[in-house]
Amino acid sequence: MSAAAGGPAFPWDEVMATGLGLLRLSPRDFWAMTPLEFERAARPFSQHRQAAPARADLANLMRAFPDTHDEGGGTWPKM
């Protein structure tokens, strides 16, 4: 839906500020990007990032996949 049809206007100010300011793209590179390329480049700065794993989830992963020494065959100290 376009802004003329009553839908929201495309956020050009925010997109250009992200591309030219935050990502420091040249205008030539900014305008040459596809929307998917731009989204992938800006993703690390998104507010929609996935949350870090919970402490219990991390502990379960550490038990399932323990780190081991290369020397002597022992395991690293438990945390």
Side-chain angles (χ1 to χ4, degrees):
M1 196 186 259
S2 70
F10 188 79
W12 282 112
D13 289 344
E14 290 85 2
V15 171
M16 290 176 67
T18 300
L20 302 172
L22 184 62
L23 298 176
R24 306 184 100 184
L25 297 168
S26 70
R28 180 182 58 91
D29 290 340
F30 173 78
W31 291 110
M33 292 178 95
T34 66
L36 181 60
E37 290 170 334
F38 181 81
E39 186 275 330
R40 294 298 193 267
R43 181 181 285 183
F45 304 101
S46 172
Q47 295 177 2
H48 305 289
R49 293 191 301 199
Q50 187 174 2
R55 183 176 293 273
D57 295 333
L58 182 58
N60 288 336
L61 285 170
M62 290 170 66
R63 275 191 295 280
F65 305 99
D67 291 332
T68 59
H69 287 282
D70 286 337
E71 299 175 21
T75 60
W76 292 99
K78 299 286 183 198
M79 296 185 143

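The line from CZ of R40 to OG1 of T34 is 9.5 Å long, rounded to the nearest 0.5 Å. Residue D57 holds its CG atom at 13.0 Å from CE of M62, rounded to the nearest 0.5 Å. Taking OG1 of T18 as the start and CD of E39 as the end, the distance is 12.0 Å to the nearest 0.5 Å. The CZ atom of R28 sits 12.0 Å away from the CE atom of M33 when rounded to the nearest 0.5 Å.
Looking only at side-chain heavy atoms (C-beta outward), L23 and F30 stay at 4.5 Å or farther from each other.
Ring-plane geometry between W31 and W12 is classed as tilted, the angle between the planes lying from 30 to 60 degrees on a 0 to 90 degree scale.
Annotation for L25 and L20: closest pair O-CD2, 3.5 Å, computed over non-hydrogen atoms.
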